[in-house]
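Reading through the structure tokens given below for one structure.
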Amino acid sequence: MRTAGVIMVLLGGSCAGVFDPILFQSKTERRNMDCLRLSQEEGAERYPGQIPPKGGRALAGFQPDVMACSTRYLQPADRNARDEAILSTLSLQVTELVESAGALAPRSARWHVDAFYPSLAVAQKIAVTARTTLAERGFSVSDRVPTLAAGDVAVLASLPPSEAYRTACARSFETKVLGPDELFLGLMIVDARETRLHAGLCEGGVWRWLP
Amino acid sequence: MRALAFLCVLAPLAALADEQPDLAERQAELLRAEIANQIQLQAAELLDELVLGWTKEPPFETASPTVLAGLSVPVSLGTGLEAYLENHFAGLVVKNPGARVQLVHCPACSAWVVHSGAKGTVVSRGFDDPEALAQAGVTSGAKHAVFLDFETEGASLVLRARITTLDASLKIVAAKTLTTSTAVPALLRDNERLKSVAETRKEYLEVLGGRGLLVFPVRVAVRTFAPGFNSTAISTPFLWVMGGAEAAFSQGRAWTASLNLGFTWLPSAHVGVMAQGRVSRLLTGSSTSLTWPDLYLFVGGGVFFVQGRSALIFRESTPTIDEILNINQNNEPRTTLGMFTTGLELRVKNRIGIGAYLETYPSVTNTDNIGTYLQLIFNFQSFGVEVSFCF
């Protein structure tokens, strides 16, 4: 079973592995693992029956550590490399950006969120993550995505990204697609080669990139 | 001829090469199916957790007609998983009315809608443009829409659920992110009796606690001795009741050691006591099973003392009828014997067990009355069976 959990116990401070099932994994399989180092106490708490509680050796001064490793669901080759890099860190990246955005905006505003990414499926995942994270933090979030008129979109498509977002924000405010008490949070990659998400906030027709 | 043979060898290889793209595609499909099979349990589990959360903290004050507007699975996985999860979610909501989510059917909500107005023509899904649905006269009665999104993030599966109002604002009224890890086994909860992770963990710990390091077995055993080759005397079977303590070296209970004290009594025949120690090794795996019986091999040693007519059997010579009948109450025959035991025990969930064993008595070598059941390095003069109950 590819997704079976693997537990490894190490003797803290010494080089000997007490029990190392990872030895039986191939190099490729090992590279596809997420590992977390825990104290023995925490390991026994999280994996009862698999990690023994602190025993006599711990009392005698040994401080064993536990390495808990799990195989990732998908192999690196199963998805596009850039998509995989974005999706496997989605919560982390989006939470950081949403927290930055939340700190800059008034609490009473209504949020609209959209993501701009070459793959539509991944763009939807990014947008959903941001909406859910904002709503969980108590912000007023709408599922509606502000849409500009077809003529505006045709003009925006001809502009470089740095200019396009600024213009789109101003145009949304002018055409009342976004009201004065509404905010638009956009998440995107600016360069097609990058795997780091950026975000910008549109408030009152003014676009600003988030730090 | 050689050329023909060469052709015969190469032809299948060429055919195989032609099939390579198909094979790769098929393998990729198999791989996807395998991953989907593993994810489905965890995904179903996250849905269980979501609905359980709704039953404890309902998203609505009263039951609200809600449409399942969207369910998306991790990127690169297929729609078969979507169908399974949609059915599972619907089943959960129906069986847990406390969640106050009343699913309604609204095919137009997920259909593509083209709406032309003063601002232009907008193409969208029905639930993204409820005004267009209303103008078209499509009324499902749904007031809310629920969206479920699954994504894998490394070794974790994440569920993001949100409920929106089905009006012009499309306001998100409830949102929840739930995550799990592949290191945590699926809980496999019953749809109708959902339990929280904390409750399930408690049950799991109780199961583990049920196989603690120390148990107290009570054994009822029957021990027989092989009849001597030329002797007319036959030993009566000894019925023993034993109790003791058994310690495991680890929670897997691969190795255990026990110390038992026993008592035997047969009216007008004998009374006896015994002390025995055993070391057992699990043969069926490296840890005990919660679902299958476990087979142990054990070796041990002990000593027993018996007093009464039955003890005459351990004398060197055959007891006469007078000796058997005219036992002096104040001077009953008695004997003390040392023994070594080896046997097998089949134990179910560390609660009940059945065992059979052979014993050798080093001091019983010159008697005519006791024979040998098996000669294998040692002379095994005794055979016994036992039933164990562990507390």
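Ring pair A:Trp111/A:Phe139 is perpendicular by interplanar angle, where above 60° counts as perpendicular and below 30° as parallel. A perpendicular orientation is assigned to the rings of B:Phe89 and B:Trp54, their planes being inclined by more than 60° (bins at 30° and 60°).
Checked by atom type and distance alone, the side chain of B:Thr66 pairs as donor or acceptor with a backbone atom of B:Ser64 at under 3.5 Å.
In this structure, the portion of B:Thr164 lying under 4.5 Å from any heavy atom of chain A is its side chain and not its backbone. Contacts of B:Thr165 with chain A are absent, with no heavy-atom separation under 4.5 Å from either backbone or side chain. Proximity to chain A (any heavy atom under 4.5 Å) is restricted, for B:Ala161, to the backbone atoms N, CA, C and O. Contacts between A:Thr129 and chain B at a heavy-atom distance below 4.5 Å involve backbone atoms as well as side-chain atoms.
Counting only N and O atoms by type, the side chains of B:Thr152 and A:Arg79 include a donor and acceptor under 3.5 Å apart. Between the side chains of B:Glu153 and A:Ser91, a donor-acceptor pair is found at a separation under 3.5 Å.
Of all the listed residues (A:Glu84, A:Gln124, A:Arg110), the one sharing the greatest number of non-hydrogen pairs under 4.5 Å with chain B is A:Arg110.
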